[in-house]
Amino acid sequence: MPELPEAETVRRGLEAETVGRGIARVDATGPRSVRRHRDPAELDRRLRGTTVEVVGRVGKFLTLDAGEEVLVVHLGMSGQLLLSDGRDPRPKHSHVVLVFEGGLELRFVDPRTFGQVFLSDGPEPSRRARPAELAHLGFDPLTDALPAARFAARLRARRTMLKALLMDQRFLAGIGNIYSDEILHAAGLRYDHPASALDEDQARALYRHMLRILRASVRLGGSSLSDMQYRDVYGRPGRYQQRHLVFAREGLTCAGCGGTIVRQAWGGRSTFFCPRCQI
DNA sequence: CAGATGCCCTGGGCGC
DNA sequence: TGCGCCCAGGGCATCT
């Protein structure tokens, strides 16, 4: 579930709790979670004895710089990164565990195994550079400053429908099914509105709403849906779901116009919007 | 290039 | 209590 605000909330927790800590051992027991590596033991060999120095994020991907290595984590649909003092039993589906000096554990728990953990093989990964495996990602709306005019120009150059474009990680990194619906509702635009049909003001407004919503969600620790599967590193759910105006609100009243929220199957998943105030 | 499918997985909720 | 469906934050490959 995790999209940019959830990944950023996890990043902040990791930054506060793991920077400066030495890695004593890595237990990579879930082969599918480390599928980019032929040998899961490679994570232990390469990370053992290093110290976490920087915790970064590009879109939905998290990066931990440790020594010469960059560990990349994607939470997929059901992934969690949970801290523990190591005294409680590891939850089911703890596929990768970083064990720090002193006993603190960072557990990658992922029932559906759509997420993954891998060490970058990028040529000489340096502090500021993106790992090579993340080179395909578009700009990150919270960390890569982009003038509104440039965003509008890029957006209007594309003929594809707005929701597909917002969710295209090569165009823009970090937006998924929840926030695309919330952003489009705030901007008064339908999911299937062609990007090229927007005028300059509409495109700029869409950008403004995107930044506002992403920042507001980060402030509230992201969104946890009814299953409460998303948690931060301390195991706490997010609170931004209380602010959702369309997502998972089929049949409820639109706070903006009093219309009724509709759910529509699209692209193999659900899209929520208000047919009255989104054009 | 744009769009529609289907697949990779486990688990929770619901109707019967 | 159990069984069979349907659904789920993502991403990728493969068709038209």
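Order of the sequence lines sets the chain letters (A, B, ...), proteins ahead of strands, with each chain counted from 1.
- A salt bridge is defined here as a Lys NZ or Arg NE, NH1 or NH2 lying under 4.0 Å from an Asp or Glu carboxylate O, and A:D121 with A:R46 meets this definition.
- Residues satisfying the ring-ring contact (aromatic ring centres under 6.0 Å, His included) criterion with A:F100, sequence neighbours excluded, are absent altogether.
- With rounding to the nearest 0.5 Å, the separation of OG1 in A:T253 from CZ in A:R249 is 8.0 Å.
- Here A:D88 pairs with A:R107 under the salt bridge (charged side-chain N to carboxylate O under 4.0 Å, His left out) rule; sequence neighbours left out.
- Within 4.0 Å of A:K163, counting heavy atoms only, lies no atom of the nucleic acid at all.
- Contact detail for A:V72 and A:P131: the closest heavy-atom pair is CG2-CG, 4.2 Å.
- Distance A:E3 CD to C:dA8 P: 13 Å, rounded to the nearest Å.
- The nearest whole Å value for the distance from the CG atom in A:L75 to the C1' atom in C:dA8 is 15 Å.
- Atom-to-atom, CD1 of A:I178 to P of C:dA8 comes out at 12 Å; the value is rounded to the nearest Å.
- Look at A:H136 and you won't find any side-chain N or O under 4.0 angstrom from OP1 or OP2 of C:dG11.
- Take A:S217 and apply the side chain to side chain donor-acceptor pair (under 3.5 Å) test, not counting sequence neighbours, and it matches A:Y179.
- For B:dT10, the OP1/OP2 oxygens have no side-chain nitrogen or oxygen of A:H93 closer than 4.0 Å.
- Among pairs with a residue in residues 203-222 of chain A, those fulfilling salt bridge (Lys or Arg N to Asp or Glu O under 4.0 Å) read A:E200-A:R204, at least two apart in sequence or across chains.
- Atom pair A:H74:NE2 and B:dC8:C1' shows a separation of 14 Å (rounding to whole Å applied).
- The stretch residues 172-199 of chain A participates, sequence neighbours left out, in these salt bridge (Lys or Arg N to Asp or Glu O under 4.0 Å) pairs: A:K163-A:D181, A:R190-A:D192.
- Between the CE atom of A:M77 and the P atom of C:dA8 there is a distance of 8 Å, given to the nearest Å.
- Within the structure, salt bridge (Lys or Arg N to Asp or Glu O under 4.0 Å) contacts touching residues 164-177 of chain A (residues at least two apart or in different chains) are A:R158-A:D168, A:D168-A:R170.
- Taking atom P on both nucleotides, C:dC3 is separated from B:dC9 by 24 Å, rounded to a whole Å.
- Listed by residue number, the members of residues 108-116 of chain A with any heavy atom below 4.0 angstrom from DNA chain C are A:R112, A:F114.
- Sequence neighbours left out, the pairs with a member in residues 31-40 of chain A that pass salt bridge (Lys or Arg N to Asp or Glu O under 4.0 Å) are A:D39-A:R45.
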Checklist outcome for this item: A correct dot-bracket answer for DNA chain C, with pairs being Watson-Crick or G-U at under 3.5 Å, [ ] for crossing pairs and | for inter-strand pairs, is .|||||||.|||||||

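- Atom-to-atom, CD of A:E133 to C1' of C:dG11 comes out at 16 Å; the value is rounded to the nearest Å.
- Members clustered with A:V109: A:L82, by chain and number, using a 4.5 Å side-chain heavy-atom cutoff among hydrophobic residues.
- Residue A:S226 places none of its side-chain N or O atoms closer than 4.0 Å to OP1 or OP2 of B:dG13.
- Residue A:K60 places at least one side-chain N or O under 4.0 Å from the OP1 or OP2 atom of C:dG11.
- For A:Y230 and B:dG12, the OH to C1' distance is 21 Å, given to the nearest whole Å.
- Mapping A:G268 and A:R32 onto DNA chain B via the closest heavy atom, the residue that lands nearer the 5' end is A:G268.
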Between protein and nucleic acid, restricted to nucleotides 1-4 of chain B and to nitrogen or oxygen atoms under 3.5 Å apart, what atom pairs and distances do you find?
residue : atom : partner : partner atom : Å
B:dG3   : OP2  : A:T160  : OG1          : 2.4

Could you pull out all donor-acceptor pairs under 3.5 Å where a side-chain atom in residues 23-30 of chain A meets a protein atom, sequence neighbours excluded?
residue : atom : partner : partner atom : Å
A:R25   : NE   : A:D27   : OD1          : 3.0
A:R25   : NH2  : A:D27   : OD2          : 3.1
A:D27   : OD2  : A:R90   : NH1          : 3.0
A:D27   : OD2  : A:R90   : NH2          : 3.0
A:T29   : OG1  : A:S94   : O            : 3.4
A:T29   : OG1  : A:H95   : O            : 3.4

